[in-house]
Amino acid sequence: MTRCSGKEEDEQSTEGAGKAVENQKKRKKHVSFPPDEQIVSGFAEHQIRKADSCLTLAEVMVAYQQSCSKHQVQPREHVLQQLQQGVCVGGAMKCLDLKGERLDHRSCEALEAVLKSLHFDFINLQAAQLEENGASSMLDMILYYESTTHLDISDNSSMGTSAWRALAHLIKQSVHLSRLDVCNVPLVDYPAQSLAKALLTSRLTILHLHNTRLSGMPLFKLVGALKSNKTLQELHLTNNLLNSYQDALQLGDLLRYNNTVHTLQLSHNAIADTGLEELCDGLRWQTAGLKVLLLRNNQITESGMIHLAKALPVLKVLQVLDLGENHLENEGIQIIREPLMMNRTLLQLGLAQASITCEGAVALAEFLAESHQIQGLDIRQNQVKVGGLMALCLALKINQSLASLDLDLILSQEKDEFLVETQVRLQSEITQRCLTNASRSLFSSDSCDTFATEPQRPTPKLTL
């Protein structure tokens, strides 16, 4: 959109106005525009108002109430409360929370007074019961006014074709939208197709698609688009019934061709051992991309560790791996023990609820004694008793990198009182040694900052 000033020549102003009018005609019909002769001046005034933060929250609240009156709807008490109690800095607020508000078409239209006056870090439309016209109107306005950087439209299953079209247009055209959550909504047929096409040219960096029935053709379309996408950094696909055959094959292809995604969340699916083989084949192609791979609760067993054992020594960028809630057992830990020692990038390893006993803990202790970079290990909800704790404690006398070893607060009960006391003592000693490593690492980082040529990036956290 062209901004006009009073210093422009008449000819330039006329030409600019003509272009603005033409651009406005391309907009969705749901956004309410002023008459043609006011479009350019009104748009310029609106933009300047945003930039200069001329409107107070009290003024925005009055404008919203007037808009509600115009559209013959009651002002939302929750919206008024947020405007009354919120903090506005430079025309921006943290959040516009509309979760569960049940927004019909007219209620959405009335919110234009808010969306055009303020920018929000987060707009929450989860479970707002958006129907087709209302959703289309809301999404068009969010695009036109660039109202947010993070949008959540989860749990809205009645949006309809035109709303999905509006969402695709928002994804493709928005300059500011960086994160989108579309969870608990079936992404099949047209929604999957429109989303995939939009991702070809989007600026999104984070996409959450939990519980959206992506298995099969929808995932095929999504991966097809992401193979050439160069902006998306985080892809979250929890609980999508992703299987070990064609779905895992598609995800393996994604890892072969995309080096931009650095977080892949696949927890609570059915990747299984054969699917893990496909993922490991793709991981070997990652030279500058995937840093976080989350595979919690995916029906993986010790047999799958054979494929992981082949990949671990050659992985060049993977820093966080979560294998929790998989039936790995002690045999699985034994299989990956030496490959873990050979790996030089892994910083955090999640093995919570993986059917590990003291034998598996001893294997992990041997890995810790040899590792110079591992920073976090999670072995909660396993049957690790005195023998395993003793091995881990001994390993931490050698290891100087592990800053966090997550153990159960309530330890596996020993029958003998002496063993119970020993458990408590060993856990306390493990905690103290991890704290010492953490302090040493912090001191080392502070010292290195003196010589650093680039800002230090934080270590990715293990998302459970």
Side-chain angles (χ1 to χ4, degrees), residues 276 279-280 283-284 291-296 300-408 412 426-427 429-438 440-441 459-462 464:
L276 182 59
L279 292 180
C280 288
L283 278 173
R284 296 190 181 93
K291 295 181 180 179
V292 180
L293 178 60
L294 307 178
L295 292 167
R296 179 175 286 259
I300 298 170
T301 72
E302 71 274 10
S303 298
M305 296 301 94
I306 296 173
H307 310 303
L308 184 60
K310 296 176 183 177
L312 278 170
V314 298
L315 296 183
K316 294 187 170 41
V317 292
L318 190 67
Q319 296 179 6
V320 180
L321 177 63
D322 187 8
L323 296 168
E325 297 182 47
N326 288 295
H327 199 61
L328 306 183
E329 299 189 299
N330 297 327
E331 291 79 3
I333 305 304
Q334 291 286 2
I335 292 171
I336 62 173
R337 178 179 60 88
E338 289 190 13
L340 282 171
M341 295 178 188
M342 298 168 65
N343 179 274
R344 292 293 179 266
T345 65
L346 199 63
L347 302 178
Q348 297 191 45
L349 177 62
L351 294 169
Q353 199 175 336
S355 302
I356 300 171
T357 66
C358 290
E359 181 184 341
V362 170
L364 289 171
E366 293 173 352
F367 153 60
L368 291 177
E370 295 291 330
S371 175
H372 300 288
Q373 83 279 345
I374 190 71
Q375 296 176 6
L377 177 62
D378 184 358
I379 55 172
R380 289 173 295 178
Q381 295 178 275
N382 286 294
Q383 295 298 313
V384 178
K385 299 185 180 181
V386 168
L389 291 175
M390 189 174 296
L392 292 169
C393 194
L394 289 172
L396 282 170
K397 292 182 178 181
I398 303 172
N399 179 283
Q400 297 186 358
S401 65
L402 192 73
S404 174
L405 177 53
D406 293 326
L407 299 165
D408 293 322
S412 300
L426 289 171
Q427 187 173 35
E429 187 173 343
I430 287 171
T431 300
Q432 188 57 50
R433 291 189 182 279
C434 286
L435 289 172
T436 301
N437 285 345
R440 183 187 296 113
S441 176
T459 302
K461 298 298 182 182
L462 181 62
L464 301 181

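Source: prediction; values computed, not measured. Computation of the quantities below employed the complete heavy-atom set of this structure, encompassing side-chain atoms and omitting hydrogens, waters and symmetry-equivalent molecules.
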With a 4.5 Å heavy-atom cut-off, do [X] and [Y] have their side chains touching?
X	Y	value
Leu347	Val320	no
Met305	Glu331	no
Glu302	Leu328	no
Pro313	Pro339	yes

Between Gln319 and Val292, is a side chain to side chain contact (heavy atoms under 4.5 Å, CB included) present by the stated rule, with each step listed? CA-CA 6 Å; Gln319 296 179 6; Val292 180; 5.8 Å; no
I'd like a table of donor-acceptor pairs (distance under 3.5 Å, sequence neighbours excluded) in which one partner is a side-chain atom from residues 349-358, with atom names and distances.
{"residue": "Ser355", "atom": "OG", "partner": "His327", "partner atom": "ND1", "Å": "2.9"}
{"residue": "Thr357", "atom": "OG1", "partner": "Asn330", "partner atom": "OD1", "Å": "3.4"}
{"residue": "Thr357", "atom": "OG1", "partner": "Asn330", "partner atom": "ND2", "Å": "2.7"}

Can you list the residues that meet the side chain to side chain donor-acceptor pair (under 3.5 Å) rule with Glu325, with sequence neighbours excluded?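 In terms of side chain to side chain donor-acceptor pair (under 3.5 Å), with neighbours along the sequence ignored, Glu325 is linked to Arg296.
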Is a donor on one side and an acceptor on the other found under 3.5 Å between the side chain of Asp406 and the backbone of Arg380?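 Looks like no, no N/O pair under 3.5 Å.
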Say whether, by atom type as modelled, one donor and one acceptor occur between the side chain of Asn326 and the main chain of Gly324 under 3.5 angstrom.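 Yes, because the side chain of Asn326 sits within donor-acceptor range (under 3.5 Å) of the backbone of Gly324.
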Starting at [atom1] of [X], measure out to [atom2] of [Y] and round the result to the nearest 0.5 Å.
X	Y	atom1	atom2	value
Ile398	Glu366	CD1	CD	10.5 Å
Leu405	Gln375	CG	CD	14.0 Å
Ile336	Leu308	CD1	CG	5.5 Å
Thr436	Leu402	OG1	CG	12.0 Å
Arg433	Gln400	CZ	CD	11.0 Å
Leu295	Asp322	CG	CG	7.5 Å

How far apart are the closest heavy atoms of [X] and [Y], and which atoms are they?
X	Y	value
Gly388	Ala361	CA-CB, 3.7 Å
Ser401	Ser371	OG-O, 4.2 Å
Leu426	Val386	CD1-O, 3.9 Å

Using the rule side chain to side chain contact (heavy atoms under 4.5 Å, CB included), only one of Ile374, Ile335, Leu312 pairs with Leu340; which is it?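 When side chain to side chain contact (heavy atoms under 4.5 Å, CB included) is applied between Leu340 and each of Ile374, Ile335, Leu312, only Leu312 qualifies.
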For Glu370, which of Met342, Glu338, Met341, Arg337 qualifies under side chain to side chain contact (heavy atoms under 4.5 Å, CB included)?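 By the side chain to side chain contact (heavy atoms under 4.5 Å, CB included) criterion, Glu370 pairs with just one of Met342, Glu338, Met341, Arg337: Met341.
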Stepwise side chain to side chain contact (heavy atoms under 4.5 Å, CB included) test for Leu315 and Leu346: CA-CA 9 Å; Leu315 296 183; Leu346 199 63; over 6 Å; no
Would Glu329 and Thr301 satisfy side chain to side chain contact (heavy atoms under 4.5 Å, CB included), going step by step from the backbone distance to the final call? CA-CA 8 Å; Glu329 299 189 299; Thr301 72; over 6 Å; no
Pair up each side-chain donor or acceptor in residues 390-397 with any protein partner under 3.5 Å, not counting sequence neighbours, and list the distances.
none

